[in-house]
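When a residue number appears, it is its place in the shown sequence, counting from 1.
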Amino acid sequence: MGKRSFLFYFALLIVSLATILFSTALVLAQGTPFTNRNISFHLPEGWTTKEIPSNFEKEVIAWLKSEKAEGVTMLVFCYTGWRQNYNSVRIAGLKTIGASYPKGQEMLKKPTKIKTDVGSTAVWEYWRGFVETGGQMVTLESPMGIVETKNGWVLMIGYSPATFGPQLEEDFLKIINSVK
């Protein structure tokens, strides 16, 4: 083998290794993959799934929990069928937020459209809600997002004590950006 052939194969090996390392880093940066009912997304570092209780709505496809922040969770719903559209899914989300916060809720951020990593359009908004526990009023924060996939409408609602709200918002946007 000549010097030129050796250099060619050596360069090819280096390019192949760089491609493999870049691909691996990209997968790790996206987080842990999750799939249920042909809906998939990536969980950021520190997020895990919880077992879905039998009394949850049948549309719930994931119950997520942050292991970095106490009391931070997220519900992921999937609505299918010809009657489903953005408005019907948003109404379902608003009813869930209303039921979650019986002492009232207020919108902190109006609905905002974003382009996801897969080219879909997602709409997300941010809510604050109030619950009474142990005789005290507690404030929680809830991002809510909706994205249409080829397998149905995905609704995500997060729940967080106000102190962890910014971290939940960041992780929420990472997850909704990866929905397909």
Can you tell me if Asn151 uses its side chain to pair, donor with acceptor, with the backbone of Ile39 under 3.5 Å? no

Would you say the side-chain atoms of Ser100 pair up with the backbone N or O of Thr96, donor to acceptor, closer than 3.5 Å? yes

Which heavy atom of [X] sits nearest to which heavy atom of [Y], and what is that distance?
X: Pro102; Y: Val131; answer: CD-CG1, 4.0 Å
X: Ala92; Y: Leu155; answer: C-CD2, 4.4 Å
X: Ile175; Y: His42; answer: CG1-O, 3.6 Å
X: Gly71; Y: Pro161; answer: O-CD, 3.6 Å
X: Ala162; Y: Pro166; answer: O-CD, 4.0 Å

Quick one: CG on Leu75 to CE on Met144, what's the gap to the nearest 0.5 Å? 13.0 Å

With rounding to the nearest 0.5 angstrom, report the CD1 to CD1 distance, Ile114 to Ile176. 5.5 Å

Identify, with sequence neighbours excluded, every residue that meets ring-ring contact (aromatic ring centres under 6.0 Å, His included) alongside Tyr86. none

Check ring-ring contact (aromatic ring centres under 6.0 Å, His included) between Phe34 and all other residues, then give those that pass, not counting sequence neighbours. Phe41

Please list, chain by chain and in numerical order, all residues satisfying salt bridge (Lys or Arg N to Asp or Glu O under 4.0 Å) with Glu45, sequence neighbours excluded. none

Under 4.5 Å between any side-chain heavy atoms of [X] and [Y], yes or no?
X: Trp124; Y: Leu173; value: yes
X: Arg90; Y: Leu94; value: yes
X: Leu43; Y: Thr48; value: no
X: Tyr159; Y: Val72; value: no
X: Met156; Y: Phe77; value: no
X: Ile157; Y: Val76; value: no

So which pairs with a foot in [range] pass side chain to side chain donor-acceptor pair (under 3.5 Å), sequence neighbours left out?
range: residues 128-141; value: Glu106-Arg128, Tyr126-Glu141
range: residues 160-169; value: Lys109-Glu169, Gln167-Asp171
range: residues 50-71; value: none

[X]: what forms a side-chain hydrogen bond (donor to acceptor under 3.5 Å, both in side chains) with it, not counting sequence neighbours?
X: Ser142; value: Tyr101
X: Thr49; value: none
X: Lys110; value: none

Same hydrophobic cluster for [X] and [Y], using side-chain heavy-atom links shorter than 4.5 Å among ILVMFWY?
X: Ile146; Y: Leu108; value: no
X: Met107; Y: Leu140; value: yes
X: Val89; Y: Val179; value: no
X: Val138; Y: Ile97; value: yes

For Ser120, what residues pass the side chain to side chain contact (heavy atoms under 4.5 Å, CB included) criterion, not counting sequence neighbours? Thr116, Val118, Val147

For Lys113, all residues meeting side chain to side chain contact (heavy atoms under 4.5 Å, CB included), sequence neighbours excluded: Thr121, Val123

Whether the Trp127 and Glu125 side chains hold a donor-acceptor pair (N or O, under 3.5 Å, no angle test) is what I'd like checked. yes

Who else is in the cluster with Phe130 when I, L, V, M, F, W and Y are joined by side-chain contacts under 4.5 Å? Met137

